[in-house]
Structures are given as C-alpha cells and as structure tokens.
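Each chain gets a letter, A, B and so on, in the order the sequences are listed, and its residues count up from 1. For the numbers below, each heavy atom of this structure counts, side chains included, while hydrogens, waters and symmetry mates do not.
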Amino acid sequence: MSNIYESLQERGFVQQCTNAEDVSKVLSDNPITYYVGFDPTADSLHAGSLVPIMAMAHLQRAGHKPIAIIGGGTTMIGDPTDKTEMRPMISVEQVDKNGARILKQLQRYLDLDNNAGMFLNNAEWLLSLNYIEFLRDIGKHFRVNEMIRAEGYRQRLERELGLSFLEFNYQLLQAYDYLCLFQKYDCVLQLGGDDQWGNILAGVDLVRRIEGERVHGLTFPLLTTAGGAKMGKTAGGAVWLDAEKTSSYQFYQYWINIDDRDVERFLAYFTFLPMDEVRRLGNLEHDAIREAKAVLAYQATTLAHGQDEADKAQETSQAAFGGGGLDLDAMPTTAIPIDQLNTGIPIMDLFHQVGLASSKSEARRLIQQGGAYINEKQFKAIDVIVDANMLDEDALLLRAGKKRYHRVVPE
RNA sequence: GGGGGUGUGCUUGAGCGGUCAAAAAGGGCAGACUGUAAAUCUGUUGGCUAUGCCUACGGCGGUUCGAAUCCGUCCGCCCCCA
C-alpha cells in the first residue's frame with residue numbers, strides 16, 4: 001500500500017500538520033481512528049464540506065477508522081473561529097434533525113456502521129458537564145494569553161464585534177471533544193479546515209497535558225475557486241449535497257461550470273481518479289478541457305448521488321448543451337391549471353411565478369433586456385399574454401438568460 | 001459608573017433638512033464576444049395594481065410644510081477613563 005499521507009498530500013489535502021513525519025508514520029504503521037467535526041447548523045452539508053469528506057474517505061480506504069462528529073453541544077455556543085460574526089445557536093432538536101440528514105449524506109462516502117466508522121454527537125458528553133469540575137480539570141490547562149493570540153479570537157477582539165465569554169469557551173470544548181474521543185475510542189488524529197487549526201492544536205495540547213500522549217492534527221486548505229469565490233457557493237446559494245435542495249442535475253452543472261483553472265485541483269480533491277489521470281485531464285486545453293470537466297462532474301455526481309443519477313444528469317446536460325434538444329424530464333417543472341392558461345397569464349407573472357425571477361420587477365427587467373424565452377423564442381415585450389395557444393407539445397419551455405430553464409405544463 | 005464615537009440597500013461605504021430609492025466600489029442579473037470557462041465591453045440592480053404609489057437609512061417617539069440628515073429615548077457595537 002502506498003503511503004496514504006503522501007497520497008493525501010499529493011492530492012492537495014494537507015495544509016498544516018502537527019508534524020509531517022509523525023503523522024505519516026502513524027498512518028502507515030497501524031490502522032488508527034481519526035475524526036472530523038461537522039457543523040449541524042444547516043440541514044445539509046454542501047460542496048465545501050466535500051474536502052474533509054473526501055479526505056476521510058481516502059483514509060478509510062487505507063484502512064483507518066473515521067469518526068464523524070456533529071457539534072450538537074458546541075453549536076449551542078456558536079463558533080467564533082474565523083467568522084466575522086457568531087454562528088447562530090440552534091436547539092438540540094434541530095441539531096438532531098439536521099444530524100440525521102447529514103449522516104445520510106456522509107454514508108454515501110463513508111462506512112459509518114459503528115464497526116468501520118462512527119457518527120457521534122458531542123452533546124453526548126458536553127451537555128452533562130459540570131461547570132466547576134470542567135473548570136478545575138480542563139480549564140486549568142488553558143492560558144488565556146495564548147488563546148487570545150489565536151487568529152480567530154484576535155480578529156474578533158480587534159474588530160467591532162467583540163467576543164462574548166460564551167464564545168470564548170468554544171476552543172476549550174472542542175479540545176475537550178478530542179480528549180473524550182481519545183479516551184473512549186483511541187482517536188489519535190483530528191482533521192479539519194485550516195480555520196480549525198487553533199482548535200485542533202488546543203485539543204492536541206490538552207491530550208498531552210492530561211494523558212501525556214501525543215496525538216495529531218492536520219488541516220485542509222480552505223478552498224476558494226479561481227474566481228475568488230467560496231467553494232460550493234453559486235449565485236443561487238450553496239451547492240448542497242441533499243438532492244432535494246440541489247438536484248443532481250444542478251450538482252452536475254456546478255462542476256461543469258467551474259473555472260478552467262480549477263479543473264486539476266478539483267479532480268484531485270473530489271474524485272478518486274489516480275493522480276496520473278488527474279494530471280492528464282488537467283493538462284487538456286481549450287475545448288478539450290470540457291472533457292475534463294465532464295469527467296469531474298460525472299465522478300463527483302456519482303459519489304454524491306449514485307451512478308444512475310449521474311448518468312441522468314449527464315444525459316440531460318449533453319442534451320441541453322450538446323445541441324440535441326432538451327431533456328424535459330430533468331427540468332424543474334411547474335404545473336399550472338389549464339383554465340388559467342386558457343385565460344392567459346401576463347408574461348411577467350409567469351416568469352415570476354415559476355421562480356425564474358424573484359419579483360415581477362426582475363421579470364420585467366429580464367424581458368426588457370432580452371433574456372426571456374418561451375419555447376426558444378425571445379420575447380422582449382412586457383405586455384405579452386401567454387395562453388394555451390402557445391403550448392408546444394403540451395408544455396411551455398421557459399428560459400431565463402442562457403442557462404436557466406423551467407418547464408410549465410398544464411394540469 | 002463617567003466621557004467620546006458609531007449603526008445606511010446583498011456587502012463595503014458616501015450622504016448638504018427638500019432636487020434621496022440614496023454617490024462609489026464589489027457582488028448579482030441580462031446583452032455582445034465565447035468553449036455551458038475566463039477576461040473584456042454595454043445595460044441593469046427595493047417592491048407594486050407603474051409617467052404614479054408603497055416600503056426602506058438600528059427600534060420607538062418628537063421638531064418641521066418637509067428628516068437617512070435635527071432633538072429625545074431605547075437597543076447593539078467600538079474607544080478612552082474608573
């Protein structure tokens with residue numbers, strides 16, 4: 001087996017690491033248990049979370065045992081790290097609900113059946129903590145002057161937003177997580193985004209102070225696209241892993257539409273293709289690079305939604321943009337009562353109603369600027385009334401701009 | 001506890017009591033170009049029953065013919081002193 005640490009490094013997963021040699025050795029000697037924390041404030045993970053997920057998957061394939069934890073306890077505080085504002089606090093019930101959905105998503109990438117891997121909620125051990133005991137046993141190991149040197153806290157201290165005592169404790173709790181996982185499950189490696197570096201180190205220190213054992217930490221680079229945007233964000237919002245929030249077709253399209261400059265990096269992060277292949281695809285130029293994007297999109301979609309969905313998304317995409325006509329089935333569709341169509345609907349209302357424009361004013365703008373199409377025919381007049389006569393094969397195909405389609409069927 | 005600041009549209013950030021739906025930049029959207037990419041150029045960017053009306057400049061109240069702009073008060077945040 002080739003060295004998994006080097007492999008992670010080659011694929012770009014390693015940003016910082018407590019000690020490269022140690023970590024590399026630990027990972028190649030014996031199977032170990034490692035963990036990553038996920039934020040349960042939303043009911044789905046998004047494309048940005050794929051970096052840790054893929055790293056975990058690589059490690060699991062190499063024989064190590066993952067623990068995914070959600071911060072049910074810590075979320076109730078709000079993480080100040082690298083945020084210009086506090087994360088919202090949410091209720092226990094909400095965390096449980098979100099956690100269940102997140103688990104499902106993780107299971108597409110990881111085996112978390114308690115044998116090969118685990119899924120835990122840190123509320124399990126955090127909620128029952130006794131304040132005095134915690135201060136005495138854990139708090140005494142932390143130096144405030146060290147803590148406030150941490151970048152995340154420092155920013156908050158220097159800027160206008162301030163930092164509540166509550167948030168200031170976040171680092172202790174996360175360090176305590178690591179300690180618990182070490183004690184209970186022999187977990188000796190924590191991974192996380194680079195913004196978590198300080199918190200990870202705090203945990204490493206805490207385990208050393210209390211248990212006298214050396215555990216390890218590793219961070220991933222915080223991905224931004226070549227255009228400078230946050231990974232996994234589009235104009236329409238985040239690219240979610242939940243198919244109900246981001247359809248597999250939209251998911252596929254996200255990867256197709258990435259910047260040329262991101263292709264190689266993303267193939268390394270978000271597929272399991274061997275690096276030779278990744279580099280070959282990354283070196284394609286001009287038109288050919290679309291082939292590489294198609295591979296990326298197909299692979300990433302297969303991982304997130306399964307092969308069937310990936311096949312469908314691919315077909316739809318090729319049909320829509322390859323010139324062969326559109327795959328109507330995969331398109332977002334709105335049903336409109338037939339008598340409403342017989343009466344006729346003002347074009348602005350129609351575009352607004354199906355969600356291609358967020359307000360009627362926006363629909364008006366879209367139309368006036370020539371971005372509105374019905375059945376591939378451009379409409380620039382805002383006073384057009386759309387009625388049943390315009391149905392083409394019993395449907396209307398609306399298009400806003402170049403890429404956003406919506407189908408309307410009578411019912 | 002005392003003193004001084006500050007709070008503006010998706011974001012940053014200008015704003016004289018009327019000509020402010022509010023400069024500017026970023027972001028978004030549309031058009032041209034193109035490879036479903038990038039860069040560039042152009043237009044546009046609160047809502048609506050639309051040459052007008054409504055809602056907006058931290059909350060509430062007041063002064064005024066008229067307030068984002070003045071006053072009071074409350075809330076949040078920052079700085080200095082204690």
Rounding to the closest angstrom, what is the interatomic distance between [N] and [M] at atom [atom1]?
{"N": "B/U49", "M": "B/U45", "atom1": "C1'", "value": "23 Å"}
{"N": "B/G47", "M": "B/U40", "atom1": "C1'", "value": "33 Å"}
{"N": "B/U73", "M": "B/C78", "atom1": "P", "value": "22 Å"}
{"N": "B/U12", "M": "B/G27", "atom1": "C1'", "value": "10 Å"}
{"N": "B/A39", "M": "B/A32", "atom1": "C1'", "value": "14 Å"}
{"N": "B/C65", "M": "B/C70", "atom1": "C1'", "value": "16 Å"}
{"N": "B/C10", "M": "B/A23", "atom1": "P", "value": "13 Å"}
{"N": "B/C16", "M": "B/U6", "atom1": "P", "value": "12 Å"}

Can you tell me the pairing partner of [N] across any strand shown, Watson-Crick or G-U wobble, with both distances under 3.5 angstrom?
{"N": "B/C57", "result": "none"}
{"N": "B/A22", "result": "none"}
{"N": "B/U63", "result": "none"}
{"N": "B/U51", "result": "none"}
{"N": "B/U44", "result": "B/G28"}
{"N": "B/U6", "result": "B/G76"}

Whole angstrom is fine here: how far is it from [atom1] in [X] over to [atom2] in [N]?
{"X": "A/Gln314", "N": "B/U36", "atom1": "CD", "atom2": "P", "value": "16 Å"}
{"X": "A/Gln368", "N": "B/C29", "atom1": "CD", "atom2": "P", "value": "19 Å"}
{"X": "A/Asp260", "N": "B/G35", "atom1": "CG", "atom2": "P", "value": "12 Å"}
{"X": "A/Ile256", "N": "B/U36", "atom1": "CD1", "atom2": "P", "value": "11 Å"}
{"X": "A/Gln318", "N": "B/G35", "atom1": "CD", "atom2": "C1'", "value": "15 Å"}
{"X": "A/His352", "N": "B/G46", "atom1": "NE2", "atom2": "P", "value": "16 Å"}
{"X": "A/Phe266", "N": "B/A38", "atom1": "CZ", "atom2": "C1'", "value": "14 Å"}
{"X": "A/Phe351", "N": "B/C29", "atom1": "CZ", "atom2": "C1'", "value": "14 Å"}

Exercise. Is any N or O donor-acceptor pair between the side chain of A/Ser317 and the base of B/U36 shorter than 3.5 Å?
Worked result: yes

Exercise. If you take atom types as modelled and just measure distance, does the side chain of A/Gln253 reach the base of B/U36 with a donor-acceptor pair under 3.5 Å?
Worked result: yes

Out of [options], which nucleotide sits closest to the side chain of [X]?
{"X": "A/Arg404", "options": "B/C29, B/A37, B/G31", "value": "B/C29"}
{"X": "A/Gln369", "options": "B/G35, B/C33, B/G43", "value": "B/G43"}
{"X": "A/Arg364", "options": "B/A50, B/A37, B/A30", "value": "B/A50"}
{"X": "A/Lys360", "options": "B/C48, B/G47, B/A50", "value": "B/C48"}
{"X": "A/Lys403", "options": "B/A37, B/U34, B/G43", "value": "B/A37"}

Output yes when [X] and [Y] qualify as a salt bridge under the 4.0 Å nitrogen-oxygen rule, no when they do not.
{"X": "A/Arg136", "Y": "A/Glu133", "result": "no"}
{"X": "A/Asp260", "Y": "A/Lys293", "result": "yes"}
{"X": "A/Arg265", "Y": "A/Asp262", "result": "yes"}
{"X": "A/Arg280", "Y": "A/Glu277", "result": "yes"}

Exercise. Without hydrogens or angle criteria, can the side chains of A/Gln174 and A/Gln196 be said to hold a donor-acceptor pair below 3.5 Å?
Worked result: yes

Exercise. Starting at the 5' end of RNA chain B, which residue's closest nucleotide do you reach first, A/Ser358 or A/Asn257?
Worked result: A/Asn257

For this session: Establish, yes or no, whether a centroid distance under 6.0 Å links the rings of A/Phe220 and A/Tyr269.
Result: no

Exercise. What is the nucleic acid contact for A/Ala372, judged by heavy atoms within less than 4.0 Å: base, sugar-phosphate only, or nothing?
Worked result: nothing

Exercise. With a non-hydrogen cut-off below 4.0 angstrom, is A/Ile289 in contact with a base, only sugar-phosphate, or nothing?
Worked result: base

Exercise. How far apart are the C-alpha atoms of A/His216 and A/Val26, what are their side-chain angles, what is the distance that settles it, and do they pass the side chain to side chain contact (heavy atoms under 4.5 Å, CB included) test?
Worked result: CA-CA 9 Å; A/His216 312 276; A/Val26 165; 3.4 Å; yes

Given [N], is OP1 or OP2 found less than 4.0 Å from the side-chain N or O atoms of [X]?
{"X": "A/Ser359", "N": "B/C48", "value": "yes"}
{"X": "A/Arg399", "N": "B/A30", "value": "no"}
{"X": "A/Arg290", "N": "B/U36", "value": "yes"}

Seminar exercise, completed: Correct closest heavy-atom pair for A/Tyr178 and A/Ile200 would be CD1-O, 4.3 Å

